[in-house]
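All remarks here apply to the structure that follows.
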Amino acid sequence: MTAPRTPSPRKAFGRLSLPERTYVTDALRTETVGGVLLLVAAITALIWANVPALHHSYESVSDFHFGPEALGLNLSVAHWAADGLLAVFFFVAGVELKRELVAGDLRDPRAAALPVVAALCGMAVPALVYTFTSGIGGGSLAGWAVPTATDIAFALAVLAVIGTSLPSALRAFLLTLAVVDDLFAILIIAVFFTDRLDFLALAGAVVGLAVFWLLLRKGVRGWYVYVPLALVVWGLMYNSGIHATIAGVAMGLMLRCHRREGEEQSPGERVEHLVRPFSSGLAVPLFALFSAGVAISGGALADVFTQPETLGVVLGLVVGKTVGIFGGTWLTTRFTRASLSDDLAWADVLAVAVLAGIGFTVSLLIGELAFEGDASMTDRVKAAVLTGSLIATVLATVLLKIRNAKYRRLTEAEERDDDLSGVPDVYEEDDPAYHLRMAEIHERKAAEHRRLAREKAEGHSGLAEVPGGAGGDHDDPA
């Protein structure tokens, strides 16, 4: 009798499936470009707000109001960016999460546990760090949620700038972590930062979402149907008192993200492919342009490390995020008996955890909501978010650079396509056709080398028969 086979232990950060790798590669390419634009927008905002000759114009543009007053939508430019453009960002996040849960690798609960637990720990620990730091210093506890968010676009911009070839499994972990992070952040905004409710407007928004869902189930197509409906739902959600970005997440989660027979892309994938460049390339950078413009001076930077609220934000992002994500990942692998991928070390997980401490877009948004009405504290918290994100960037850069040569080798192995099939070789190792193609390639190379060997051998024998060579009868000097 043969002993029953023992299932091999599951690998954490193991190789992605080919469809998931393709999706992650495409998504991260767009996010990386958007992240670079986000970085440019943040630097532009800081220059615009801190050059004395330009400061007044920055304030004037940010505070310029437009929109229909009768509909309660006469908002400032900065307000439109925070409530309007970020709704597009959260719409894409909703679609991403839905796709991961129903069609991606996260449809397996065991695979989903790792990034979800890491994201939850990566939000809980920074909140505790902020609460402890600010509480001991006698500061306000209102900003406890500020350091809980990870900015995936900014993190990927850092990866693009430092040129690291982070393996696709770690990139996918960072992307999924940030998506889950964004979802819980928007829930925090909805639950803790809603101080008034207009039940009539809220009922209208719910009816609009129901119509949106019904049209999707009936297979109705056409942007001219969904875009006006989405604007109506957004306007009603804004007037209800709940943050308007909730509308974006809700509509994103309603899209169908699994493919039916004969479909190359699901509706969710198709819409995400169209909307993501707008979100990453325009919506988020414009939000950064009108949110990151805080006055920076030597005294202001010193206050970041002396005020309990701002120090709590910095420590939450740099220490809390790292401890939460790394600890959550380690605990998950420990209790699920999953082993780390053979190609990676815990130092790589630590580097990604530090990188996740870059909290920009959503952290700035929560900072504005947490200290609404206190412009001075809002600016100090924004400066703390920028400082904490910068420290996390420097630390992550150092850690990733140490292992960059290892990452390049892993990436080259992931992308090698010796049989020129268009599919990386690592995904074809169990396919007999792949080995037959490689055998044919090696046979052609072997035949070419035999031909060259014969030619060289014939050349050498011809030289040996040339008269007057060394050792002949003619020994006259040259």
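Remark: the backbone N or O of Thr306 is not paired with any side-chain donor or acceptor of Thr310 at under 3.5 angstrom. For the pair Asn50 (side chain) and Leu46 (backbone), a donor-acceptor distance under 3.5 Å is present. Looking only at distances, no side-chain donor or acceptor of Ser134 sits under 3.5 Å from a matching main-chain atom of Thr131. In terms of modelled atom types and a separation under 3.5 Å, the side chain of Thr361 and the main chain of Asp151 share no donor-acceptor contact. Looking only at distances, a side-chain donor or acceptor of Ser389 sits under 3.5 Å from a matching main-chain atom of Gly359.
Here the CD1 atom belonging to Ile391 is positioned 11.5 Å from the CG atom belonging to Leu386, to the nearest 0.5 angstrom. Interatomic distance, Trp144 CH2 to Phe192 CZ, rounded to the nearest 0.5 Å: 4.5 Å. One finds the CG atom of Asn239 at 5.5 Å from the CG atom of Leu73 (value rounded to the nearest 0.5 Å). The structure places CD1 of Ile189 at 5.0 Å from CZ of Phe90, a figure rounded to the nearest 0.5 Å. To the nearest 0.5 angstrom, Glu59 atom CD is 10.0 Å from Trp48 atom CH2. With rounding to the nearest 0.5 Å, the separation of CG in Leu214 from CZ in Arg217 is 9.5 Å.
Heavy-atom contacts from other residues, nucleotides or ligands closer than 6.0 Å to CG of Leu200 number 12 or fewer. Atom CZ of Phe132 is surrounded by 12 or fewer heavy atoms from other residues, nucleotides or ligands within 6.0 Å.
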Might you work through the side-chain contact (heavy atoms from CB on, under 4.5 Å) test for Ile43 and Leu39, ending with a clear yes or no? CA-CA 6 Å; Ile43 294 172; Leu39 186 60; 4.3 Å; yes

Give the C-alpha distance, both sets of side-chain angles, the deciding distance and a yes or no for side-chain contact (heavy atoms from CB on, under 4.5 Å) between Phe173 and Thr329. CA-CA 11 Å; Phe173 173 72; Thr329 303; 3.7 Å; yes

Checking side-chain contact (heavy atoms from CB on, under 4.5 Å) for the pair Val304/Val314: CA distance, chi angles, key distance, verdict? CA-CA 8 Å; Val304 166; Val314 173; 3.5 Å; yes

Show me, pair by pair, the donor-acceptor contacts under 3.5 angstrom made by side chains of residues 243-262, not counting sequence neighbours?
{"unit_1": "His243", "atom_1": "ND1", "unit_2": "Thr245", "atom_2": "N", "d": "3.4"}
{"unit_1": "His243", "atom_1": "ND1", "unit_2": "Thr245", "atom_2": "OG1", "d": "2.7"}
{"unit_1": "Arg256", "atom_1": "NH1", "unit_2": "His258", "atom_2": "O", "d": "2.7"}
{"unit_1": "Arg256", "atom_1": "NH1", "unit_2": "Glu263", "atom_2": "OE1", "d": "3.1"}
{"unit_1": "Arg256", "atom_1": "NH2", "unit_2": "Glu263", "atom_2": "OE2", "d": "2.9"}
{"unit_1": "Arg259", "atom_1": "NE", "unit_2": "Glu264", "atom_2": "O", "d": "3.3"}
{"unit_1": "Arg259", "atom_1": "NE", "unit_2": "Glu269", "atom_2": "OE1", "d": "3.0"}
{"unit_1": "Arg259", "atom_1": "NH1", "unit_2": "Glu264", "atom_2": "O", "d": "3.2"}
{"unit_1": "Arg259", "atom_1": "NH2", "unit_2": "Glu269", "atom_2": "OE2", "d": "3.3"}

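Looking at Leu85 and Val284, their side chains never come closer than 4.5 Å, going by heavy atoms from C-beta outward. Residues Val146 and Val385 meet the side-chain proximity criterion, which asks for heavy atoms closer than 4.5 Å. Taking the side chain as every heavy atom from C-beta outward, Ser140 and Phe371 approach each other to under 4.5 Å. Residues Tyr238 and His79 meet the side-chain proximity criterion, which asks for heavy atoms closer than 4.5 Å. Val211 has its side chain within reach of Leu215: a pair of non-hydrogen atoms, C-beta onward, lies under 4.5 Å apart. Counting heavy atoms from C-beta on, the side chains of Ile136 and Pro308 never come closer than 4.5 Å. Taking the side chain as every heavy atom from C-beta outward, Tyr130 and Thr148 never approach each other to under 4.5 Å. Residues Leu355 and Leu174 have side chains in contact (heavy-atom distance under 4.5 Å, counting atoms from C-beta outward).
Across all their heavy atoms, Leu317 and Ala149 have their closest contact at CD2-O, 4.3 Å. The minimum heavy-atom distance linking Val88 with Ser279 is given by the pair CG1-CB, 4.0 Å. Closest heavy-atom contact between Ala41 and Pro285: CB-O, 3.3 Å. Nearest heavy-atom pair, Phe193 versus Ala370, reported as atom, atom and distance to 0.1 Å: CE2-CA, 3.5 Å. Contact between Ala118 and Ile325 at its shortest, heavy atoms only, is O-CG1, 3.7 Å. Contact between Gly122 and Pro126 at its shortest, heavy atoms only, is O-CG, 3.0 Å.
Legend: residues meeting salt bridge (charged side-chain N to carboxylate O under 4.0 Å, His left out) with Arg270, ordered by chain and number and at least two apart, are absent. In this structure, the side-chain contact (heavy atoms from CB on, under 4.5 Å) partners of Asn74, at least two apart in sequence or on a different chain, are His65, Glu69.
No donor-acceptor contact under 3.5 angstrom links the side chains of Ser291 and Lys382, judged on distance only.
Between Arg380 and Asp303 there is no salt bridge, since no side-chain nitrogen of the basic residue lies less than 4.0 Å from a carboxylate oxygen of the acidic one.
Classification of the Trp234-Trp80 ring pair by plane angle, with boundaries at 30° and 60°, yields parallel. Ring geometry, Tyr226 versus Phe212: the interplanar angle exceeds 60°, so the pair is classed perpendicular (tilted spans 30 to 60°). Classification of the Phe326-Trp346 ring pair by plane angle, with boundaries at 30° and 60°, yields perpendicular.
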